[in-house]
Amino acid sequence: MTFGARYTAALAERGRLCAGIDPHASLLLDWGLNDDLAGLERFALTAVEGLAPHVPVVKPQSAFYERFGSRGIAILERVIAESKAAGALVLLDIKRGDIGSTSQAYADAYLDPASPLGSDAVTVSPYLGFGSLTPFVETATKFDAGLFVLALTSNKEGPEVQHATVEDGRSVGRVMLDHLRRLNEAETPLGSFGAVVGATIDGADGAGVAYDFGFNGPILAPGFGEQGGTPGDLARIFGPANAHVVASTSRGLLRKGPDVAALRDEALRLRDELG
């Protein structure tokens, strides 16, 4: 099955919540753990136990594991493997973006199922030019994996690039969505090439023109919950494409730990809130 087909089936079965598994130092301390390798392992694997059997997508942020070096990466490999075993799709949040052979090496590391870091999908940055993602696109196609391309982020610095315009007057963010539209054209039930669009954006570009999110692909909407995004915001921003949106939360959800049942219950509550 393509990633788009697996994603569609996962959302139909488990709802539209993406659980971030991000071991912030402050969260480890909130759980009564030390900010060390043992604390990382306990935190990450407890989060997998509480969340991965119940949500369609888990999203570990690679940087919080990388900061512990090779032993942290080894724990990330376990998070990926155990989340998959629990039935969740794994979206590895890496936001990589490079060119040529380097981009290909990243794609091989994160999308080849033979790699210990092989995931169902990854986040990537197109801001060296969308064509720089070609190795990711080709590798994802080869292995039935997916991409989530940064398109319209909700950080305050984003509009400096994403609302800038190209020669034909389109905003850069709109250009990225148009590239995805072409990649996903005629795919059923859904294409495998998605966008990252913040749950707290206003849904229009710098000129006030509403974005069209009908690009036939998945959408990851970070910022749901504690960061202010609501189900009403998702419906307003995405319109008919809202059915393809998975809303992401991490810190607000993870604060319910270290109790496994509390993590599960909060995930199920948020799932039901999303409808």
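Computed from heavy atoms alone, side chains included, the values below leave out hydrogens, waters and symmetry copies. Nothing fancy with the numbering, it's 1 onward along the sequence. All values reported here derive from a predicted model rather than from experimental measurement.
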Can you see which heavy atom on [X] is nearest to which on [Y], and at what distance?
X	Y	answer
Ala121	Leu147	CB-N, 4.4 Å
Ile99	Ser132	CG2-CB, 3.9 Å
Gly228	Asp233	O-OD2, 3.5 Å
Pro258	Thr46	O-CG2, 3.4 Å
Ala107	Pro135	CB-O, 3.9 Å
Asp120	Ala88	OD2-O, 4.2 Å

Just one of Val172, Val196, Leu177 clears the side-chain contact (heavy atoms from CB on, under 4.5 Å) bar with Leu152, so which one?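 So the option named by the test is Leu177.
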
Linking I/L/V/M/F/W/Y whenever any side-chain heavy atoms sit under 4.5 Å apart, do [X] and [Y] land together?
X	Y	answer
Ile94	Phe143	no
Val166	Leu150	yes
Val161	Phe148	yes
Leu45	Leu33	yes
Tyr106	Tyr127	yes

Looking only at the side chains, is there a donor atom on one of Gln162 and Thr153 sitting less than 3.5 Å from an acceptor on the other?
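Judged by distance alone, the side chains do pair up.
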
- Item | Pair Glu226-Thr249, side-chain donor/acceptor within less than 3.5 Å |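 The criterion, which ignores hydrogens and geometry beyond distance, is not satisfied for Thr249 and Glu226.
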
For Leu40 and Leu37, what are the C-alpha separation, side-chain angles and deciding distance, and is it a side chain to side chain contact (heavy atoms under 4.5 Å, CB included)? CA-CA 5 Å; Leu40 171 70; Leu37 196 68; 4.2 Å; yes

Hey, does the side chain of [X] reach the backbone of [Y] with a donor-acceptor pair shorter than 3.5 angstrom?
X	Y	value
Trp31	Gly39	no
Asp168	Arg170	yes
Arg264	Gly50	no
Asp35	Ala25	no
Asp108	Ala105	no
Asn242	Phe238	no
Asp93	Lys59	no
Asn216	Glu187	yes
Thr123	Lys95	yes
Ser248	Pro222	no

For this session: If the plane angle is over 60° it's perpendicular, under 30° parallel, otherwise tilted; pick one for Phe3 and Tyr7.
Result: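 Taking Tyr7 first and then Phe3, their aromatic rings sit tilted (interplane angle of 30° to 60°).
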
Look at atom [atom1] of [X] and say whether more than 12 heavy atoms of other residues, nucleotides or ligands are closer to it than 6.0 Å.
X	atom1	result
Arg236	CZ	yes
Glu185	CD	no
Arg181	CZ	yes
Arg42	CZ	no

Side-chain touch [X]/[Y], heavy atoms, less than 4.5 angstrom:
X	Y	result
Leu117	Ile73	yes
Arg271	His54	no
Asp144	Ser192	no
Phe136	Leu111	yes
Tyr211	Ser171	yes
Leu27	Arg251	yes
Val79	Tyr65	yes
Arg174	Val209	yes

Inset, instruction - Please lay out, stage by stage, how Glu41 and Arg78 fare under the test salt bridge (charged side-chain N to carboxylate O under 4.0 Å, His left out). - result: CA-CA 9 Å; Glu41 181 176 35; Arg78 290 186 62 190; 2.7 Å; yes

- Please report the C-alpha distance between Val246 and Val55 in whole Å, then the side-chain angles of each, then the deciding distance to 0.1 Å, and finally whether the side chain to side chain contact (heavy atoms under 4.5 Å, CB included) criterion is met. CA-CA 10 Å; Val246 64; Val55 300; over 6 Å; no

### Message
With a 4.0 Å cut-off on N to O distance, would you call Arg269 and Glu266 a salt bridge?
### Response
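A salt bridge is present here (some side-chain N lies under 4.0 Å from a carboxylate O).
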
